[in-house]
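Note: hydrogens, waters and symmetry copies are ignored here, and every other heavy atom, side chains too, is used. Letters A, B, ... are given to chains in the order of the sequence lines, protein chains preceding strands, and every chain is numbered from 1. Note that the structure is predicted; figures quoted are calculated from it, not measured.
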There are 2 protein chains.
Amino acid sequence: MPVTIRDVARAAGVSITTVSRALNGHKDVGEKTRQRILRIAEELNYRPSAVARSLVTQKTRTIGFLVSDLSKGRIWHYFMLQILYGIQDRLAELGYDLILVNTTTTRQREISYLDFCTERRLDGVIVINLRLDDPYLHEVVESPLPSVVIDIPLVSATCGYVTSDNVYGAKLAVRHLIGKGHRTIGFVNGHSQAAVSHDRLRGYREALESHGIPFRPELVYEADYTVEGGRKGCELLRTAHPEMTAVFFASDLMAIGGLHHLREAGVKVPEECAVVGFDDIELAEIVSPQLTTIRQKRYEMGATAAEMLVGMMEGKTMPEGRTLLPELVVRQTS
Amino acid sequence: MPVTIRDVARAAGVSITTVSRALNGHKDVGEKTRQRILRIAEELNYRPSAVARSLVTQKTRTIGFLVSDLSKGRIWHYFMLQILYGIQDRLAELGYDLILVNTTTTRQREISYLDFCTERRLDGVIVINLRLDDPYLHEVVESPLPSVVIDIPLVSATCGYVTSDNVYGAKLAVRHLIGKGHRTIGFVNGHSQAAVSHDRLRGYREALESHGIPFRPELVYEADYTVEGGRKGCELLRTAHPEMTAVFFASDLMAIGGLHHLREAGVKVPEECAVVGFDDIELAEIVSPQLTTIRQKRYEMGATAAEMLVGMMEGKTMPEGRTLLPELVVRQTS
DNA sequence: CTGTTAGCGCCTTCAC
DNA sequence: GTGAAGGCGCTAACAG
């Protein structure tokens, strides 16, 4: 049994209230008393119970990190990890804890998202990897619980979002390729249940058209953000359009899949076919040739989400959308 | 304000006590009453407050995941992610929550590890990536708080561990290479502040000697588990020992670094130099050539750690060490 | 400045 | 079978 506020009060010869006040920095405590209490608390190694405090304040200072489809063997999550760091770092600075919530876990699917948060009295939630057609999406957005979603541009009275400027990012990529002289540029996109896919497609299209290059739907393949999907997309596009000299992928993982295909097909990168990815996961620098890509500021996305959420929870900020600018990172594949 | 047990009691026309009993499945409640209470609780969408419950039961059903050096831009953590899934999955099944604790975050370094856990009244802790010389190590092991450490073979009254059989794993790797006809096999190890490094070195050595190949210290390079370290180690070993036909790396990341060097040096893999890694992170399958490696059952390690910890907490199990057998995964680099 | 009183929401003896 | 009372550890009026 840890030492409680009573123990401190007793040892200091004052009431519990006074201890509480002294420790919480209230002004209305005699200076000598305060010092004594502080000293004694220190000596006794007193740690106030977050549980008891939560019960009375009705705040847990704990927020949930809700990850859809957090599961075994998914390398998708390499992308997510930096975001998690950003969230965790900023939350820790702000004095909040983070609890991991996985929507795929059986037990947690039994009760609704909101019920889960209610039971734990979470103060807020950050949600990632939600598909546009996931029923949870509405639940999150409409819920009275403050929330921030990553990469889905929806704002409600209690829900904000953080994302990258994906239109801009895609434009960066395509402009870069055009600048290198490419005119027939393929695009391997991710599935349409991710909001970012639509934006990246738009950026691709607009970049082409603003350079007088007509948009050709047949040069676009919709994959699924996996290595294998990227490989297949690249293969299909190249078979159908041998004249293609560059491919833009909506994620690094898909780009790496594309590189696999190109290597096996004996196509020289970037000489015969340039490749640009999206995300700048750590992998991009490790594969060879090193991948030219669009860097998303993932750590900052996480930190921003954390900040925004806490701002909302503490009533200092209104829910809003925040969009971070990605940047072009030129390496060896272009 | 969420609905409380009072609201349910009032609506059902019974006392709080009865509601509590009915909901917690006690036998001493009239069947009709129980049904009515259950129905009303359902209608009111009542969720018992985990906070209030924790205060009275003195258990939070929350365990901490303590990660040393969880920080921006570290790709080391690719290894950790699967372990985290394993932990999270099993804990969710067992009805426990997981909270993320980062020892590097400034605010959390201010107070000791134990204080942090005490404040939150955590029921237990799983610790990963602790260096042997980290002062936290003793604090964890000696602490009264139940804990499980990953990859450090220490057992105390309150602390168990989970690890892979690293000696065996290294033997698998080296035997495999010997079986392929290699006789001069280099070893790029990780830093000596990881317990696993010592075991992998021992396995390397014993495998050689049991095949009548003398152990030569000059064929061992101590790197640091990073890509760059692996690259450098590989380069140095090859320069000093051109006759070397295979290198075993104590991690996949280092092996990938080694592959970088070999490619640049124009050395054909595996014809002129075979490579075997350790871990089987997802990357191993993605790089090219695909990496032969020793698979650690990371998900199982996490699940095992979770299980063991809960067992200890609930008094069903004594702290112990559990060692999982890794396995050889032959791909293209050997 | 300090102490007394009331809970926060729930579980658990102990009576009835 | 059911209820009343007490308390988990802490904060927050309200008095003095």
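Judged by distance alone, with hydrogens and angles left aside, A:T17 brings a side-chain donor or acceptor within reach of the base of D:dA12, the pair sitting under 3.5 Å. The base of C:dG3 lies close enough to the side chain of A:R21 for a donor and an acceptor atom to sit less than 3.5 Å apart.
The NZ atom of B:K59 sits 14 Å away from the C1' atom of C:dC11 (whole-angstrom rounding). As a whole-Å value, the separation of B:L55 CG from D:dG7 P is 14 Å. Between the NE2 atom of B:H26 and the P atom of C:dC11 there is a distance of 8 Å, given to the nearest Å. The distance from atom CZ of A:R61 to atom C1' of D:dT11 is 15 Å, rounded to the nearest whole Å. Between B:R36 atom CZ and D:dG1 atom P there is a gap of 15 Å when expressed in whole angstrom units. One atom, CZ of B:R53, and another, C1' of C:dC8, lie 16 Å apart when rounded to the nearest Å. With rounding to whole Å, A:R10 atom CZ is found 11 Å from D:dG9 atom P. If you measure from atom CZ of B:R6 to atom P of D:dG3, you get 15 Å, rounded to the nearest angstrom.
In this structure, the nucleotide among D:dA4, D:dC10, C:dG9 sitting nearest to the side chain of B:S49 is C:dG9. Out of C:dG3, C:dC11, D:dG9, the shortest distance to the side chain of A:I5 is found at D:dG9.
Within the structure, a side-chain polar atom (N or O) of A:Q58 is placed less than 4.0 Å from OP1 or OP2 of C:dG9. At least one side-chain nitrogen or oxygen of B:T18 sits closer than 4.0 Å to the OP1 or OP2 atom of D:dG3. Listed pair A:T4 / D:dG9 fails the phosphate criterion, with no side-chain N or O lying under 4.0 Å from OP1 or OP2. One finds a side-chain N or O of B:S20 lying less than 4.0 angstrom from the OP1 or OP2 phosphate oxygen of C:dC11.
Using a 4.0 Å heavy-atom criterion, one finds that A:V51 contacts no nucleic acid atom at all. Note on A:V29: only backbone sugar-phosphate atoms sit closer than 4.0 angstrom, heavy atoms only; bases stay farther off. Counting non-hydrogen atoms under 4.0 angstrom, A:T33 reaches the backbone sugars and phosphates but no base.
Using a 30° and 60° split on the angle between ring planes, A:Y136 and A:Y113 fall in the tilted class, from 30° to 60°.
The 5' end of DNA chain D is approached more closely, in terms of each residue's nearest nucleotide, by B:D28 than by the other of B:A52 and B:D28.
Defined by atom type and a distance below 3.5 Å, a donor-acceptor pair is missing between the side-chain atoms of B:Q296 and B:Q82. Between the side chains of A:S20 and A:T17, no donor-acceptor pair is found at a separation under 3.5 Å.
Here the CG atom belonging to A:N45 is positioned 14.0 Å from the CD1 atom belonging to A:I40, to the nearest 0.5 angstrom.
Taking every heavy atom of both residues into account, B:Q88 and A:N102 meet most closely at NE2-CB, 3.5 Å.
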